[in-house]
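Here the structure is a predicted model, which means the values were calculated and not measured. No hydrogens, no waters, no symmetry mates; every other heavy atom, side chains included, goes into these values.
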Amino acid sequence: MAGNRAHSIGSMALITGASSGIGAALAEVFARNGHNLVLVARNEARLNELGERLHQAHRSEVHIISMDLAGESAPRRLFDDVADRKIEVDTLVNNAGMNVYGEFASNDLADELQMIGVNLLTLTQLTKLFLPAMIQRRKGRILNVGSNGSFAPSPLNAVYSATKAYVLSFSEAIAEELDGTGVTVTALCPGATRSELQQRAGMADVRLLQRNVLDAETVARLGYQGLMAGRRVVIPGLINQIEIFSIRFLPRRLVARLAMARLQRAS
């Protein structure tokens with residue numbers, strides 16, 4: 001799948017968590033729009049299948065890196081692997097993430113620490129590693145995948161939403177720092193989305209996922225459009241946009257109470 005070809009002239013996008021859900025949908029959107037790809041995830045078989053399909057459909061140059069991004073050394077190992085392959089990354093998509101659902105007091109600490117590592121530390125380290133070259137070239141894009149939970153406390157998703165609040169704050173702050181450098185940063189903050197993330201977290205039957213659920217393809221398409229337009233925050237879906245705007249005017253305790261009601265299991 002990899003290799004230089006005359007018709008593979010698009011920029012190179014590195015997408016983490018690319019084997020399923022929003023990550024796989026983003027890979028499809030980038031390939032369809034002429035980009036070459038570095039796809040990163042743990043599931044090598046899925047990556048190979050996706051990479052081959054995108055190569056055949058769009059003639060994209062696709063590099064596969066099977067790696068677990070949990071762990072302090074993982075971002076550096078990924079960066080070094082990309083450098084060893086002489087790949088110049090124009091767009092970094094920090095999509096890899098975990099979710100741990102349930103009451104904080106009862107959840108497993110190791111699981112939550114691993115989630116913090118992937119959602120927060122890995123994203124920060126990869127941004128730190130790939131950003132300097134973008135600044136030097138005066139060209140680059142970074143897409144960090146947050147959540148509607150980035151905007152409000154979410155009981156039963158307390159640590160997850162806290163990590164996503166970091167993603168939003170971090171993205172907006174460095175976007176301002178990078179103004180005028182040729183590098184843009186976009187936070188993609190989807191609401192409920194059909195993906196394996198909720199399945200793995202045991203959230204398939206929560207009320208939030210029973211209505212107004214977007215598909216991963218729609219989220220990816222809107223996220224890509226916002227990224228290319230240089231927008232700093234993208235909230236897919238009109239209803240989600242209205243809800244996020246509305247909570248600015250509500251007491252924080254009421255926002256938390258409403259969020260908990262939506263994150264409880266459907267009866």
For Leu129 and Leu78, run side-chain contact (heavy atoms from CB on, under 4.5 Å): C-alpha distance rounded to whole Å, both residues' side-chain angles, the deciding distance at 0.1 Å, then the answer. CA-CA 10 Å; Leu129 290 167; Leu78 173 57; over 6 Å; no
Steps toward side-chain contact (heavy atoms from CB on, under 4.5 Å) verdict (Ile87, Leu14): CA-CA 10 Å; Ile87 297 172; Leu14 185 153; over 6 Å; no
Criterion side-chain contact (heavy atoms from CB on, under 4.5 Å) on Leu37 and His63, from CA distance to verdict: CA-CA 6 Å; Leu37 301 168; His63 300 263; over 6 Å; no
Residue pair Ile65, Val82: steps toward the side-chain contact (heavy atoms from CB on, under 4.5 Å) verdict: CA-CA 9 Å; Ile65 300 180; Val82 170; 4.0 Å; yes
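Between atom CG of residue Asn33 and atom OH of residue Tyr224 there is a gap of 3.5 Å, rounded to the nearest 0.5 Å. The line from CD1 of Ile64 to CD of Glu52 is 9.5 Å long, rounded to the nearest 0.5 Å. In this structure, the separation between CZ on Arg221 and CG on Leu26 is 12.0 Å, given to the nearest 0.5 Å. One distance of note links CD1 of Ile142 with CG of Leu227; it measures 10.0 Å at 0.5 Å rounding. The CZ atom of Phe30 sits 13.0 Å away from atom NE2 of His58, with the distance rounded to the nearest 0.5 Å. Note: Asn148 CG to Leu168 CG = 10.5 Å, rounded to the nearest 0.5 Å.
Put simply, the side chain of Asn95 gets close to the backbone of Gly17: a donor and an acceptor are under 3.5 Å apart. Listed for the Gln241 side chain is a donor-acceptor partner under 3.5 Å among the backbone atoms of Ile235. Judged purely by atom type and a 3.5 angstrom limit, Lys164 has no side-chain atom pairing as donor or acceptor with the backbone of Phe151.
Taking the side chain to side chain donor-acceptor pair (under 3.5 Å) definition, one finds that Gln125 meets it with nothing, sequence neighbours left out. Under the side chain to side chain donor-acceptor pair (under 3.5 Å) criterion, Glu176 pairs with Arg232, sequence neighbours left out. Partners of Phe170 under the ring pair (Phe, Tyr, Trp, His ring centres under 6.0 Å) rule, at least two apart in sequence or in another chain, are Tyr166. Every residue was checked against the side chain to side chain donor-acceptor pair (under 3.5 Å) condition with Ser246, not counting sequence neighbours, and none meets it. Every residue two or more places apart in sequence or in another chain that forms a side chain to side chain donor-acceptor pair (under 3.5 Å) with Ser171 is listed here: Asn144. Asp81 is linked by a salt bridge (Lys or Arg N to Asp or Glu O under 4.0 Å) to Arg85, counting only residues two or more places apart in sequence or in another chain. In this view, Phe245 and Phe249 satisfy the ring pair (Phe, Tyr, Trp, His ring centres under 6.0 Å) rule, not counting sequence neighbours.
The stretch residues 119-146 participates, sequence neighbours left out, in these ring pair (Phe, Tyr, Trp, His ring centres under 6.0 Å) pairs: Phe79-Phe130. Pairs engaging residues 13-29 under the salt bridge (charged side-chain N to carboxylate O under 4.0 Å, His left out) rule: Glu28-Arg32, Glu28-Arg53 [sequence neighbours left out]. Residue pairs satisfying the salt bridge (charged side-chain N to carboxylate O under 4.0 Å, His left out) criterion with at least one member in residues 137-148, sequence neighbours excluded, are listed as follows: Glu88-Arg137, Asp90-Lys139.
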Atom pairs and distances, side-chain donor-acceptor, residues 177-188, under 3.5 Å, sequence neighbours left out:
from: Thr181; atom 1: OG1; to: Leu178; atom 2: O; distance (Å): 2.7
from: Thr181; atom 1: OG1; to: Val183; atom 2: N; distance (Å): 3.2
from: Thr186; atom 1: OG1; to: Arg231; atom 2: O; distance (Å): 2.5

Quiz: residues 109-119 side-chain donor-acceptor pairs under 3.5 angstrom, not counting sequence neighbours:
from: Glu112; atom 1: OE2; to: Asn107; atom 2: ND2; distance (Å): 3.2
from: Asn119; atom 1: OD1; to: Met98; atom 2: N; distance (Å): 2.8
from: Asn119; atom 1: ND2; to: Met98; atom 2: O; distance (Å): 3.0
from: Asn119; atom 1: ND2; to: Thr163; atom 2: OG1; distance (Å): 3.2

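Residue Gly226 comes nearest to Val234 through the heavy atom pair CA-CG2, 3.7 Å, listed as atom of the first residue, atom of the second, then distance. Across every non-hydrogen atom of Val233 and Cys189, the tightest pair is CG1-SG, 4.5 Å. When every heavy atom of Ala31 is checked against every heavy atom of Ser60, the shortest pair comes out as CB-OG, 3.4 Å. The nearest pair of heavy atoms linking Ala256 to Pro153 is CB-CG, 4.0 Å. Here the closest heavy-atom approach between residue Ala96 and residue Thr16 is recorded as N-OG1, 2.9 Å. A pairwise comparison of heavy atoms in Arg252 and Ala152 identifies NH1-CA, 4.3 Å as the closest pair.
Here the side chains of Val100 and Val159 are not in contact, with every heavy-atom distance at 4.5 Å or above. Contact of the Thr91 side chain with the Leu143 side chain is not registered, since no non-hydrogen atoms from C-beta on lie closer than 4.5 Å. Taking the side chain as every heavy atom from C-beta outward, Asn240 and Leu214 approach each other to under 4.5 Å. In this structure, the side chains of Ile22 and Pro190 come closer than 4.5 Å at one or more pairs of heavy atoms. Side-chain contact check for Leu156 versus Tyr101: some heavy-atom pair is nearer than 4.5 Å. Side-chain contact between Leu92 and Thr127 is present, with at least one heavy-atom pair separated by less than 4.5 Å.
The 12-atom threshold is exceeded at CD of Gln225, counting heavy atoms of other residues, nucleotides or ligands nearer than 6.0 Å. By the neighbour-count criterion of 12 heavy atoms within 6.0 Å, atom CD of Gln56 is densely surrounded, having more than that number from other residues, nucleotides or ligands.
Taking hydrophobic clusters as Ile, Leu, Val, Met, Phe, Trp and Tyr residues chained together by side-chain heavy-atom distances below 4.5 Å, Leu222 does not share a cluster with Ile242.
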